[in-house]
Amino acid sequence: MSSWRGTRVFLGSAISVLEARRFVAAFLPTWPDLDDAVLIVSELATNAVRHTNSGRPGGRFIVSLEVIGSTLGVAVQDEGGLRSPRLLPLSPTEMGGRGLALVSGLSAKWGVVGDENGRTVWAVLEAAPFAMVRS
């Protein structure tokens, strides 16, 4: 069973969300569901920058990836804030509030740990066994 890990710290800015996406793509070039992994990190990093202290001047967020066999763990650690991330009811009239719904739909499971001093939002993706074989 193969396993590997990668972690990178990003400045809490909008451009860093793009850099986080590139980090995932470079770290997981053969991951069968790479687009899903990139989208999940993009949503979680965007939330960190927009809704936590990570988005303040000098703020940072951390992206961690861990692959064990056909399982990918993704985590984005932020610098905390007043509100905890939560899944919102989808509304056809609201433009925002869909990020965690996407994460929930694309991952096998997800969750939040931490408090106003710092939180980690994590997700687990399971690749189909047949998809792990590349020709």
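Side chains are part of it too, since the values below use all heavy atoms of this structure and drop only hydrogens, waters and symmetry mates. Note that the coordinates shown come from a computational prediction; the quantities given were computed from them, not determined experimentally.
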Counting C-beta onward and ignoring hydrogens, is there a side-chain heavy-atom pair between I62 and D78 closer than 4.5 Å? no

Distance check, rounded to the nearest 0.5 Å: R21 atom CZ versus E43 atom CD? 8.5 Å

For I40 and L125, run side chain to side chain contact (heavy atoms under 4.5 Å, CB included): C-alpha distance rounded to whole Å, both residues' side-chain angles, the deciding distance at 0.1 Å, then the answer. CA-CA 10 Å; I40 287 171; L125 289 84; 3.7 Å; yes

Does the S54 side chain pair with the main chain of E79, one donor and one acceptor, at a distance under 3.5 Å? yes

Using 0.5 Å steps for rounding, measure from the CZ atom of F27 to the CD atom of E66. 9.0 Å

Would you say D33's side chain and A127's backbone share a donor-acceptor pair under 3.5 angstrom? no

Are F61 and L44 close enough that some pair of their side-chain heavy atoms sits under 4.5 Å apart? no

Where is the tightest heavy-atom contact between V49 and A14, given as atom of each residue plus distance? CG1-N, 4.1 Å

Taking all heavy atoms of N53 and all of E116, pick out the closest pair and write down the distance. ND2-O, 4.3 Å

Carefully, step by step, assess S107 and V124 under the rule side chain to side chain contact (heavy atoms under 4.5 Å, CB included). CA-CA 6 Å; S107 62; V124 175; 5.8 Å; no

Only one of L39, L72, L28 clears side chain to side chain contact (heavy atoms under 4.5 Å, CB included) with L34; which? L28

Hydrophobic clusters here meaning ILVMFWY residues chained together by side-chain heavy-atom distances under 4.5 Å, can you tell me if L11 and V76 are in one? no

Just one of V113, V74, V112 clears the side chain to side chain contact (heavy atoms under 4.5 Å, CB included) bar with W122, so which one? V113

Please give me the minimum heavy-atom distance between W110 and S104, naming the atom from each residue. NE1-CB, 3.3 Å

W31 side chain reached by V24 side chain, heavy atoms, under 4.5 Å: no

When you measure from the side chain of R119 to the backbone of A48, do you find a donor-acceptor pair of N or O atoms at a distance under 3.5 Å? no

Short side-chain to backbone donor-acceptor contact, S42 and V38, under 3.5 Å: no

With a 6.0 Å cut-off (strictly less than), is the heavy-atom count around CZ of R50, excluding the residue itself, greater than 12? no

Common cluster, V63/W4, ILVMFWY with side-chain heavy-atom separation under 4.5 Å: yes

Trace of the side chain to side chain contact (heavy atoms under 4.5 Å, CB included) decision for L65 with F23: CA-CA 10 Å; L65 306 169; F23 167 66; 3.7 Å; yes

